[in-house]
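Here is the structure we will look at, set down as structure tokens.
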Amino acid sequence: MSDRTPYAKQVLAGQSIEMPSWAFGNSGTRFKVFAQQGVPRDPYEKLADAAQVHKYTGAAGSVALHIPWDKTADYADLARHAADLDVRIGTINSNTFQDDDYMLGSVCHPDAKVRRKAVDHLLECVDIMDATGSSDLKLWFADGTNYPGQDSIAGRQDRLAECLAEVYARLGDDQRLLLEYKLFEPSFYTTDVPDWGTAYAHCLKLGPKAQVVIDTGHHAPGVNIEFIVAFLLREGKLGGFDFNSRFYADDDLMVGAADPFQLFRILHELTLREVLLPASGIAYMLDQCHNIEPKIPGQIRSIMNVQEATAKALLVDREALAAAQSAGDVLGANAVLMDAYNTDVRPLLAEVRAAKGLDADPMAAYAASGYAEEIKAARVGGAQAGWGA
Ligand code: RM4
Ligand code: MN
């Protein structure tokens with residue numbers, strides 16, 4: 001068996017997972033949002049918290065913004081603040097789902113005036129990308145219908161295509177549009193971008209700067225996500241990931257919590273094509289909410305979960321796997337994969353961290369730092385950031 005450890009260490013040292021700014025604000029379900037002490041009151045404080053995650057993991061160098069939740073007067077200044085904290089602003093996420101006008105949809109709405117408003121918001125997001133230096137615009141649409149006959153399914157696809165084309169045309173040379181799909185919710189009868197096939201077809205029509213985002217929580221139970229990964233990669237249409245876990249619907253729980261084996265299988269497909277590092281152009285990020293657990297440790301744990309699954313995928317003995325596959329050795333091939341999956345990679349990751357001058361245990365190091373107590377004492381008064389702010 002070849003020693004894959006040096007290679008694994010090298011890739012792990014360069015891996016970077018983006019954090020969502022909204023993970024640091026209060027969040028909850030439609031039943032209740034539980035406020036936590038010390039929660040940020042503005043995007044500047046969200047970046048400060050995110051920087052803590054990077055400080056202890058060394059693997060979370062960028063933060064995605066959500067507009068208008070992170071609206072601010074001077075985005076260039078916010079980008080400078082991020083740089084001072086040793087992080088950078090990444091993907092800009094649009095929001096066309098929290099305005100009364102969007103009750104019947106945004107870019108698929110039957111009324112052209114509402115579609116105009118939605119597209120103007122998306123164009124504003126591209127302006128923000130220009131100011132922050134972000135290269136990716138992530139689009140997720142809550143559009144859909146609740147009742148048969150409510151609207152024309154095909155008509156809504158036409159409107160979607162037209163609006164996307166306008167946004168696509170506004171992108172700069174180094175900017176991309178990443179289209180995310182989701183099976184259902186908030187619409188329950190039809191969703192306008194419900195699956196990877198729909199997203200893929202729209203992206204294909206738009207051109208090379210449009211790619212698909214896989215949010216791991218946005219599939220029906222039992223869907224083979226690694227197949228989608230392999231297919232989109234092969235087609236050059238995999239733009240990025242929103243990592244999270246789900247037990248039922250789109251729970252937005254910590255990645256690797258529900259099904260670490262699935263996460264490993266996904267990372268195995270990515271490893272095979274050598275696209276784990278930032279230069280691959282695949283935007284890896286977390287899309288999570290920490291409703292009942294503390295937020296900064298929730299993000300640290302999530303980054304560690306991705307690192308552990310990645311380490312296991314990197315340890316797969318590819319030569320042995322290829323040999324077993326071509327020999328038709330079904331059990332042998334499966335065993336190669338399972339050997340890697342069953343390896344305890346925590347010592348390996350401790351070495352990767354030590355080489356970067358980091359503590360072997362990011363959770364403990366953060367807990368010992370006193371930052372949580374500091375922000376609880378300092379962030380008194382003002383409006384806490386949260387769902388919708
Ligand atoms: C959606 C989707 C988007 C995220 C919003 C908050 O379900 O996953 O990526 O921006 O939630
Ligand atoms: Mn998402």
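This structure is a prediction, so every number in the text was calculated from the model and none was measured. In what follows, residues are counted from 1 in the order of the sequence shown. Just so you know, ligand 1 is whichever comes first in the structure, and atom 1 is the first atom listed for that ligand.
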Taking atom types as modelled, find out whether [X] and [Y] have a side-chain donor-acceptor pair closer than 3.5 angstrom.
{"X": "D174", "Y": "S135", "answer": "no"}
{"X": "Y44", "Y": "D77", "answer": "yes"}
{"X": "D130", "Y": "Y75", "answer": "no"}

Need the ligand 1 atom indices (1-based, order shown) with element for anything under 4.0 Å from a heavy-atom of [X].
{"X": "W69", "answer": "6 (C)"}
{"X": "D242", "answer": "9 (O)"}
{"X": "H218", "answer": "2 (C), 7 (O), 8 (O)"}
{"X": "D250", "answer": "7 (O)"}
{"X": "E180", "answer": "2 (C), 3 (C), 8 (O), 9 (O)"}
{"X": "D215", "answer": "8 (O)"}

Lys/Arg N to Asp/Glu carboxylate O, [X] vs [Y], below 4.0 Å:
{"X": "R246", "Y": "D250", "answer": "no"}
{"X": "R159", "Y": "D143", "answer": "no"}
{"X": "R353", "Y": "D361", "answer": "no"}

- Query: Do H219 and I214 have side-chain heavy atoms sitting under 4.5 Å apart?
  - Reply: yes
- Report the relative orientation of the aromatic rings in W140 and H218; use parallel for angles under 30°, tilted for 30 to 60°, perpendicular for over 60°. tilted
- Query: Under 30°, 30 to 60°, or over 60°: which ring-plane class applies to Y200 and F231, parallel, tilted or perpendicular?
  - Reply: perpendicular
- Query: Considering only the protein, which heavy-atom contact is closest to atom 5 (C) of ligand 1, and what is its distance?
  - Reply: H66 NE2, 4.0 Å
- Task: Return the residue, atom name and 0.1 Å-rounded distance of the protein heavy atom closest to atom 4 (C) of ligand 1.
- Result: D287 OD2, 3.5 Å
- Query: Near the Mn ion (ligand 2), meaning under 2.8 Å, how many protein N/O/S atoms are there?
  - Reply: 4
- Task: Examine F24 together with H290 and report whether their ring centres are nearer than 6.0 Å.
- Result: no
- So is F141 in contact with ligand 1, going by heavy-atom distances below 4.0 Å? no
